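The shown structure was predicted, so the numbers you read here are calculated from the model rather than taken from an experiment.
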Amino acid sequence: MSASVKTKSRSRVYLSLGTTAFGMLSIVKQAQLARKERDTLRLVDAVICTAKTVTGLAVLYRELKSLGDEDVLLG
């Protein structure tokens, strides 16, 4: 029973990693538009969103790594 729970958790973490990384595309587009229009406020927002996304990816990676540490086969 616990193996299926770990598998579900691992797949959810992978899904979260993918969607979070995919969200970076909109942030990059926002930053490019802000630089083109010389909009400082939007550029600051893009930088803050980037920091938030990178932090989220790091947390998800740490969670995935801890799930791997609990698995005997990945040891």
Within this structure, what is the CG-CG distance for the pair D45 and D39, rounded to the nearest 0.5 Å? 9.5 Å
Heavy-atom count check: over 12 atoms from other residues, nucleotides or ligands less than 6.0 Å from L25 CG? yes
Roughly how far apart are R38 CZ and T40 OG1, rounded to 0.5 Å? 10.0 Å
Looking at residues at least two apart in the chain, or sitting in another chain, which of them share a side-chain contact (heavy atoms from CB on, under 4.5 Å) with L33? E37, R42
List the residues meeting side-chain contact (heavy atoms from CB on, under 4.5 Å) with T50, not counting sequence neighbours, and say none if there are none. M24, I27, V54
If hydrophobic clusters are built by linking Ile, Leu, Val, Met, Phe, Trp and Tyr wherever their side-chain heavy atoms come under 4.5 Å apart, do V59 and L57 end up in the same one? no
Please give me the minimum heavy-atom distance between L67 and R10, naming the atom from each residue. O-NH2, 3.3 Å
Same hydrophobic cluster for I48 and V28, using side-chain heavy-atom links shorter than 4.5 Å among ILVMFWY? no
Closest non-hydrogen contact found for L17 with Y61 is CD2-N, 4.3 Å
